[in-house]
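Below is one structure, written out as structure tokens, with a few remarks after it.
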Amino acid sequence: MQRIAPALRQDNVPLDLISLIKTVLAACKEISFRVGQGHLSGVMGSTLDENIQGEVQKELDVVSNQLLKDILLESGFVKAISSEEEDTSVAGNENGKYIVSFDPLDGSSNIEINSLIGTIFSIMEAPEGMSADNPDMFKQPGVNQVCAGYVLYGPATILALTTGKGTHFYTLDKTHGSFMLTERNVMVSEETSEFAANMSNQRFWHKPMQNYINDLVAGTDGARERNFNMRWIAAMVGDVHRVLVRGGLFTYPADTKDPKKPYKLRLMYEANPMSFLIEQAGGLSVTSEGRIMEMQPTDIHQRVEVILGSKNEVEKCLSYYK
Ligand code: F6P
Ligand code: MN
């Protein structure tokens, strides 16, 4: 079994990017350890604070954010970071080559039930001619990502990573502290009979999505003439991991529940990195209007509609919008 650094060198990933990835993973190993300690870690509760998006911060959100932020900003490789838990971007080394966006702990409502959570990250090159404290550096479309990944803190700690040469899985060997390559070139099956959506929002979705899901739920009695299964982990990392492993369609569609918030998932540190991983595994990742990675961001905390997964099923879903 190969360790991560030689596996990345084999893919001709530049040495400074390999070092940066190893830096991100050093923080993730520490988060994995704390998550694995459960209540013994002493960081399982909620704080009294909310992040800029009005969500109550859990202690583990704050600790994970601090671990990633400190190690990245000290590394020298990074010009700036942006995080779900930071109001705006944070400057690092003015001469750093890369910028990193991350969701330090995705699915944090799962913390208290000892269920799946994870860290999602996206790496781009810093554009020329902007100072490290300029958040506009992050307003690049997802196609500019040079690396994206997530670390899933489950029964095993698993890294899904792409540098644009396929999506690969690594498993943390907790006895040695190294991520080992456990599956090269993961492929999302083109066909699926499984979908993931928060069905309690169904009445707030736009008509095309309601019609599409109604046809899945109707099973053999409906237009699709076969049964579909449903799964919802309520942590995007968990749901996307399942899609990478066994196919499926995952969606957090536009809804009218709160007119000020038509979408839920964040473009920079949720939708873009997951789109890169899914596309590199042969799947599709779109909004009802186009490819997510081609969107020009306007805000670092921008939210976006997400429909991703098995190619033929995503195309089927989109056909309801025509
Ligand atoms: O980060 C947002 C998030 O927690 C995702 O990880 C997850 O897919 C979604 O929200 C869950 O939403 P809901 O609480 O509506 O099920
Ligand atoms: Mn999240």
Side-chain angles (χ1 to χ4, degrees), residues 24 27-28 31 35 46 50-65 67-69 81-87 100-122 142 148-154 158 160 194-205 209 213 230-244 248-258 260-278 283 285-287 292 299-309:
V24 172
C28 292
I31 299 170
V35 166
S46 292
E50 287 186 348
N51 63 20
I52 193 168
Q53 301 159 69
E55 293 158 349
V56 175
Q57 289 179 305
K58 302 277 189 329
E59 280 177 83
L60 213 46
D61 283 327
V62 175
V63 168
S64 305
N65 185 57
L67 283 167
L68 279 157
K69 180 176 155 182
I81 59 113
S82 84
S83 159
E84 177 177 333
E85 307 301 340
E86 299 287 337
D87 297 357
V100 185
S101 304
F102 53 87
D103 179 349
L105 210 63
D106 178 61
S108 43
S109 67
N110 279 351
I111 294 172
E112 64 183 358
I113 60 164
N114 197 30
S115 186
L116 290 180
I117 45 181
T119 299
I120 311 173
F121 58 92
S122 160
Y150 61 76
V151 178
L152 181 69
Y153 310 114
I158 292 179
E194 199 160 74
F195 71 99
N198 183 340
M199 293 295 288
S200 70
N201 296 325
Q202 186 170 25
R203 70 187 190 284
F204 301 108
W205 296 339
M209 185 54 83
I213 297 285
M230 197 209 83
R231 287 286 182 267
W232 187 247
I233 291 173
M236 190 186 195
V237 277
D239 282 306
V240 169
H241 189 65
R242 189 189 56 256
V243 169
L244 283 170
L249 179 136
F250 166 90
T251 184
Y252 215 108
D255 66 51
T256 57
K257 202 171 176 179
D258 174 357
K260 293 193 294 295
K261 206 177 110 184
Y263 317 115
K264 171 131 195 205
L265 300 176
R266 272 62 53 103
L267 176 62
M268 309 297 289
Y269 39 80
E270 291 180 322
N272 266 341
M274 293 311 200
S275 297
F276 196 15
L277 290 163
I278 289 284
S285 185
V286 297
T287 69
I292 287 176
D299 186 278
I300 57 174
H301 296 296
Q302 173 173 355
R303 295 174 189 265
V304 63
E305 178 178 42
V306 174
I307 307 167
L308 63 76

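Numbering of ligands and ligand atoms starts at 1, following listing order. Because the structure is a prediction, the values reported are computed rather than measured. Any value given below was found using the heavy atoms of this structure, including those in side chains, with hydrogens, waters and symmetry copies removed.
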In sequence, state the C-alpha distance, the side-chain angles, and the governing distance for Ser285 and Phe276, and then conclude on side-chain contact (heavy atoms from CB on, under 4.5 Å). CA-CA 8 Å; Ser285 185; Phe276 196 15; over 6 Å; no
Ligand-side contact atoms (ligand 1) for residue partner Asp106, heavy atom cut-off under 4.0 Å: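 That gives atoms 1 (O), 5 (C), 6 (O) of ligand 1.
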Could you tell me which atoms of ligand 1, counted from 1 in the order shown, lie closer than 4.0 angstrom to a heavy atom of Arg266?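 Near Arg266, meaning under 4.0 Å from one of its heavy atoms, ligand 1 has 1 (O), 2 (C).
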Any donor-acceptor N/O pair, Arg231 side chain to Ala196 backbone, under 3.5 Å: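 Not confirmed, Arg231 side chain does not pair with Ala196 backbone.
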State, with a plain yes or no, whether a side-chain heavy atom of Ile213 is found less than 4.5 Å away from one of Met230.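 No, their side chains stay 4.5 Å or more apart.
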Side chain to side chain, Asn51 and Asp61, heavy atoms closer than 4.5 Å: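 Heavy-atom side-chain distance check fails, nothing below 4.5 Å.
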Just checking Tyr252 against Trp205, ring centres under 6.0 Å apart?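 Here the rings of Trp205 and Tyr252 have centres that are no less than 6.0 Å from each other.
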Going by distance alone, is a donor N or O of one side chain under 3.5 Å from an acceptor N or O of the other, for Tyr150 and Asp103?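 No.
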Using distance alone, with no hydrogens and no angle criterion, decide if Ser122 and Asn272 have a side-chain donor and acceptor under 3.5 Å apart.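 Looking only at side-chain atoms, Asn272 and Ser122 do not form any donor-acceptor pair under 3.5 Å.
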Angle at the Mn ion (ligand 2), OD1 of Asp106 to OD2 of Asp103, rounded to 10 degrees, please.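 So the angle at the metal works out to 100°.
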Top protein contact for [atom], by heavy-atom distance:
| atom | answer |
| --- | --- |
| atom 12 (O) of ligand 1 | Lys264 NZ, 3.2 Å |
| atom 16 (O) of ligand 1 | Trp232 NE1, 2.9 Å |
| atom 8 (O) of ligand 1 | Met236 N, 3.3 Å |

Which atom name would you report as the N, O or S atom of Glu270 nearest the Mn ion (ligand 2)?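 That would be atom OE2.
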To which of Met199, Glu270, Lys257 does the heavy atom nearest atom 1 (O) of ligand 1 belong?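 Nearest option to atom 1 (O) of ligand 1, by heavy atoms: Glu270.
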Can you find an N/O atom of Tyr252 closer than 3.5 Å to an N/O atom of ligand 1?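 Min N/O separation from ligand 1 is below 3.5 Å for Tyr252.
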Between Glu84 and ligand 1, which residue portion shows a heavy-atom distance shorter than 4.0 Å: side chain, backbone, both, or neither?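 Near ligand 1, Glu84 shows nothing, with every heavy atom at 4.0 Å or more.
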Between Glu85 and Lys69, does any side-chain N to carboxylate O distance fall below 4.0 Å?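 No salt bridge links Glu85 with Lys69.
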Contact check: Glu84 to the Mn ion (ligand 2), N/O/S below 2.8 Å: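 No, Glu84 does not qualify, because none of its backbone or side-chain N, O or S atoms lies under 2.8 Å.
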